[in-house]
Amino acid sequence: MNERKLRNYVRNRIFNKSNITVGKEYYSNKTQIKETGVVPSDGKNILRSADNRIAHNFHQLLVDEKVAYMFTYPILIDVDDNQVVNDRVSDTLGQDYVRKIKDLGVEASNTGCAWLHYWRNEKNEFRYEKVESEQIIPFYSEDLEKKLIEILRVYETIEYDDNLTPIKFVNVEDWTIDTLDKYKFRNDIDGVDESELKGIKHKFGRVPFIPFANNSNHTSDLIKYKDLIDLYDRVVSGYANDIEDIQEILWIITNYDGKSSDFLNNVKKYKTVILEDDGDGAKGDLKTLSVDIPVEARNSLLELLKKQIYESGQGLQQDNESFGNASGVALKFFYRKLELKAGLLETEFRESINDLIEAILNHYNIRFKKITQIWSRNMISSELEASQIAQQSVGIIPEKLILQNHPWVEDVEEATKLLEEEEESKINIFNSYPDMNQRAKEVDINEE
């Protein structure tokens with residue numbers, strides 16, 4: 001890509017950056033109410049001084065609910081049922097593999113598409129990590145397959161000159177299937193390029209970035225219920241403003257005989273107010289004004305909005321205490337909406353995780369035929385029913401499948417190893433009693 005076109009793409013991304021980061025802002029509970037409030041900023045209404053800006057973290061709750069449901073338990077990887085290869089892949093993924101996949105799930109839910117970058121370090125070791133979505137500008141082929149053919153990664157750094165004066169640089173990495181060009185623009189994207197690292201060859205055979213999409217449309221979860229959250233924030237903030245602004249009685253006084261600054265003191269001390277006429281026969285008067293806040297209407301609206309937020313966000317039903325002794329079928333029905341949402345993300349993530357595992361295998365020059373993924377959900381379940389089904393399935397389906405679906409088994413390979421050790425221990429105990437073995441043989445002979 002030529003430098004002029006590259007600068008134009010980066011300018012456009014910087015201009016539209018907020019469209020990508022809005023989900024992250026709401027995830028951090030920095031909703032629109034924090035910026036706008038509900039009180040006009042002109043200050044003309046002297047009776048309105050309170051300016052509460054109360055944000056609610058519905059988006060964070062819904063995202064964490066989905067991510068915890070899907071990624072609390074590690075996604076198990078099996079390559080051609082080869083334990084040696086599986087151990088190599090597991091070691092390369094590392095102990096923080098679950099955390100990294102979880103972070104990708106949060107990023108995808110917030111921005112619509114998370115990005116994973118992999119590389120080789122100075123020791124030729126395979127490394128991978130999440131990249132902030134707002135840093136990435138992807139380019140796809142124009143055919144039906146829509147393959148990733150180029151990536152621009154844009155990020156800022158700060159350096160210091162000899163006088164310790166900070167200098168900002170806009171860094172741009174231009175990745176293709178076989179080359180890397182690095183740009184380093186001083187101060188902003190229109191500055192001078194101070195990098196000479198161009199045409200660097202890499203041997204990945206593809207662009208070393210993997211998209212982890214939230215759904216087929218690459219849209220965030222927030223788009224479904226952002227307006228509902230904003231309205232909920234405005235109603236609650238306005239409610240709090242009303243309570244603060246109208247917490248005292250308003251006095252309407254005509255022809256008060258005294259200073260306005262002494263009025264409340266006289267009322268509290270003497271329990272009376274001295275009034276006079278205006279000299280033209282108009283008598284003094286005193287009235288009070290109180291404003292009734294429509295509490296019931298607002299509470300009804302807030303309850304409706306909360307219900308609709310979880311309905312639109314496909315979250316678990318809230319404040320429901322009727323599932324304490326529910327059966328497995330009833331519990332699955334309770335999770336139906338969350339499962340629909342999770343299924344869309346899983347469909348996209350499966351392909352992306354396959355790409356990651358394939359990149360690891362290519363790094364080690366390991367040939368393979370099939371990559372299998374085993375996903376587990378973190379959900380309330382009836383362990384008794386699951387255990388009974390597992391027991392009744394012995395001899396009907398492979399033991400490995402039974403272990404994979406048993407509620408107490410988290411590591412199938414470890415469970416298999418323990419079972420083999422127990423069986424071997426029983427055999428050794430039996431063989432340690434020669435008299436018992438000899439009697440068993442004599443019984444067999446006599447029976448013949």
Side-chain angles (χ1 to χ4, degrees), residues 10-67 103 105-114 130-137 154-156 158 168 170 187-189 214 217-247 293-294 297-315 318:
V10 174
R11 286 193 199 96
N12 184 63
R13 168 48 59 88
I14 294 175
F15 181 77
N16 296 303
K17 182 179 178 180
S18 61
N19 294 335
I20 299 175
T21 58
V22 62
K24 292 184 175 183
E25 295 293 327
Y26 273 65
Y27 186 78
S28 301
N29 206 27
K30 299 175 183 178
T31 63
Q32 188 181 53
I33 194 70
K34 294 291 187 182
E35 295 292 331
T36 61
V38 294
V39 179
S41 58
D42 54 19
K44 294 181 179 179
N45 191 344
I46 61 174
L47 298 179
R48 290 294 187 177
S49 59
D51 187 15
N52 290 284
R53 303 186 179 192
I54 305 172
H56 298 81
N57 62 333
F58 289 117
H59 177 59
Q60 177 250 320
L61 292 173
L62 287 166
V63 170
D64 286 352
E65 180 182 81
K66 179 177 74 170
V67 171
D103 289 346
V106 173
E107 184 81 4
S109 300
N110 285 332
T111 65
C113 184
K130 176 181 73 71
V131 179
E132 302 298 326
S133 299
E134 60 269 24
Q135 295 182 1
I136 300 299
I137 306 176
V154 185
Y155 58 96
E156 295 181 357
I158 300 293
K168 186 180 77 171
V170 177
N187 295 325
D188 54 39
I189 191 59
N214 188 42
N217 295 324
H218 291 212
T219 56
S220 73
D221 288 347
L222 180 64
I223 195 174
K224 305 173 185 176
Y225 45 78
K226 179 180 180 298
D227 293 340
L228 296 170
I229 294 177
D230 291 339
L231 180 55
Y232 195 98
D233 289 346
R234 290 198 299 271
V235 172
V236 173
S237 299
Y239 192 7
N241 290 344
D242 289 345
I243 293 175
E244 287 191 24
D245 289 332
I246 315 174
Q247 60 181 333
I293 301 175
R298 288 188 176 180
N299 287 344
S300 298
L301 178 58
L302 290 175
E303 190 65 29
L304 176 62
L305 286 173
K306 182 178 180 180
K307 182 178 180 181
Q308 192 59 42
I309 288 171
Y310 279 95
E311 186 75 19
S312 300
Q314 296 174 277
Q318 298 300 300

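Every residue two or more places apart in sequence or in another chain that forms a side-chain contact (heavy atoms from CB on, under 4.5 Å) with K24 is listed here: E107, N110, T111, E132, E134. Evaluation of the salt bridge (charged side-chain N to carboxylate O under 4.0 Å, His left out) rule for D230 yields K226 as partners, not counting sequence neighbours. Scanning for side-chain contact (heavy atoms from CB on, under 4.5 Å) contacts around N217 gives N215, T219, with sequence neighbours left out. Applying the salt bridge (charged side-chain N to carboxylate O under 4.0 Å, His left out) test to D51 and every residue at least two apart in sequence or in another chain returns R53. Qualifying side chain to side chain donor-acceptor pair (under 3.5 Å) partners for R11, counting only residues two or more places apart in sequence or in other chains: N8, D190. Take K307 and apply the salt bridge (charged side-chain N to carboxylate O under 4.0 Å, His left out) test, not counting sequence neighbours, and it matches no residue. Remark: S109 engages K66 in a side chain to side chain donor-acceptor pair (under 3.5 Å) (not counting sequence neighbours). Residues passing the side chain to side chain donor-acceptor pair (under 3.5 Å) test with D103, sequence neighbours excluded: R99. Looking at residues two or more places apart in sequence or on another chain, you find a side-chain contact (heavy atoms from CB on, under 4.5 Å) between R13 and I20, I137. Annotation: ring pair (Phe, Tyr, Trp, His ring centres under 6.0 Å) contacts of Y232 (sequence neighbours excluded): H56, F58. Residues satisfying the side-chain contact (heavy atoms from CB on, under 4.5 Å) test with N12, not counting sequence neighbours, are N16.
The list of salt bridge (Lys or Arg N to Asp or Glu O under 4.0 Å) pairs with a residue in residues 30-39, not counting sequence neighbours, is empty.
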